[in-house]
Amino acid sequence: MILVTGGCGFIGANFLNWATREFPHEKFVNLDVLTYAANRMSVREAEERGNCDFRQIDLANEEQVRETIRELKPQKVFHFAAETHVDRSIRDPRIFVHSNILGTFHLLEACREVWGNHWEGKVFHHVSTDEVYGSLGDTGAFVETTAYDPSSPYSATKAASDHLVNAYCHTYGFPAKITNCSNNYGPYQFPEKLIPLMILNCLAGKSLPVYGEGTNVRDWLFVWDHCDAIWKVAHHGKNGETYNIGGASEKRNIDIVKGICTVVEELTGRKNLQDLITFVPDRPGHDWRYAIDFSKVEREIGWLPSTTFEQGLRKTVTWYLENSKWVESVQTGEYRNWIATHYQGEIKP
Ligand code: TYD
């Protein structure tokens, strides 16, 4: 049995929808607490296949986690569950500590107890971020040995969870692997993040709020390429090792936003969407640039991203155009409150 945590979130849902299709004889269980950014609709495809069960579990609740792991006795665990939005972590870090640090700790402990030092055939795959490495200047790229230097409360909690996983490998011989990825984009991403926010605002004719001058740089990884990398590392990577996963698509935020305007114009016939671009006050402590060297996973496992940014963006915009029901279902009161308080009138909720 394969356990997936956070399977109703963005990356977890894409992973489950893909893995249940690719591996129909495997049995999957999805543990998700269903916070604001998680949506059971995202995983309907996986659930309809019949090889994916769902449990509403809070990883921050140690007792619940222990009981669930004792009962399910998973062979493999893919740990996606995490609070991930940097801006929210700046406003209220507490939930990030609970979910990302304590949640990971409880899961590790429960697996350690149930697996009882019999690691044969067991896999614990911890999904993490390149933000643990901090910020880069105009050149260079993160490698797996780059010293951790997280800037935001979000990345600090992910760094802490990575350290716990590494410590379990080092101390107990725990069979874990870690992947640290660059910025993901694709279907089912909650529209608080740059790409889906801009797509939906283009469609609604609302302003496109670019922080600072829009010159910060991110590397963009199409989520299906990321899912493929995770599966490959989980099965062919070495225990106790970290693998960086990137999309080979470094872009400035302003170019991403302009690119979204162009694709939305092409696919919908709308015009002059760039006029909606509005420069808003910068994020406090905004990391300047992330870039990732993923030559280790390429060399040792043979994984490479297969989607160019242009292909991935077109697929993503098309997905948001075709899935208005899903979009409506995530634009709840909570979402509207976030937009109203965070953007202070720059976008109408
Ligand atoms: P985001 O999607 O929040 O991911 P991360 O902070 O983890 O990189 O943001 C991506 C980049 O886009 C980041 O440099 C901040 C910027 N950004 C904006 O300019 N405007 C926005 O409204 C958002 C949400 C992000």
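Counting convention: from 1, in listed order, for ligands and their atoms alike.
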May I have the step-by-step check of ring pair (Phe, Tyr, Trp, His ring centres under 6.0 Å) for Phe174 and Trp115, ending in yes or no? CA-CA 9 Å; Phe174 196 77; Trp115 289 345; 5.7 Å; yes

Identify all pairs of nitrogen or oxygen atoms, one from ligand 1 and one from the protein, separated by less than 3.5 Å, and list them with distances.
| residue | atom | partner | partner atom | Å |
| --- | --- | --- | --- | --- |
| ligand 1 | 2 (O) | Leu194 | N | 2.9 |
| ligand 1 | 3 (O) | Arg283 | NH2 | 3.1 |
| ligand 1 | 4 (O) | Asn183 | ND2 | 3.3 |
| ligand 1 | 6 (O) | Arg283 | NH1 | 2.6 |
| ligand 1 | 6 (O) | Arg283 | NH2 | 3.1 |
| ligand 1 | 7 (O) | Glu131 | OE2 | 2.5 |
| ligand 1 | 8 (O) | Asn183 | ND2 | 2.9 |
| ligand 1 | 8 (O) | Arg218 | NE | 2.7 |
| ligand 1 | 12 (O) | Asn253 | ND2 | 3.4 |
| ligand 1 | 14 (O) | Arg218 | NH2 | 3.2 |
| ligand 1 | 14 (O) | Asn253 | ND2 | 2.8 |
| ligand 1 | 14 (O) | His286 | NE2 | 2.7 |
| ligand 1 | 19 (O) | Tyr211 | N | 2.9 |
| ligand 1 | 20 (N) | Pro209 | O | 2.8 |
| ligand 1 | 22 (O) | Pro209 | O | 3.3 |
| ligand 1 | 22 (O) | Tyr343 | OH | 2.6 |

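Judged by distance alone, the side chains of Arg88 and Tyr36 do bring a donor and an acceptor atom under 3.5 Å apart.
Remark: the backbone N or O of Trp231 is paired with a side-chain donor or acceptor of His235 at under 3.5 angstrom. The main-chain N or O of Phe80 is found under 3.5 Å from a side-chain atom of Thr5 such that the two form a donor-acceptor pair.
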Donor-acceptor list for residues 23-32 side chains, cut-off 3.5 Å, not counting sequence neighbours:
| residue | atom | partner | partner atom | Å |
| --- | --- | --- | --- | --- |
| Lys27 | NZ | Asp53 | OD2 | 2.8 |
| Asn30 | OD1 | Gly7 | N | 3.0 |
| Asp32 | OD1 | Leu34 | N | 2.7 |
| Asp32 | OD2 | Gly7 | N | 3.4 |
| Asp32 | OD2 | Cys8 | N | 2.8 |

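Looking at heavy atoms from C-beta onward, Leu72 lies in side-chain contact with Arg55 at the 4.5 angstrom threshold.
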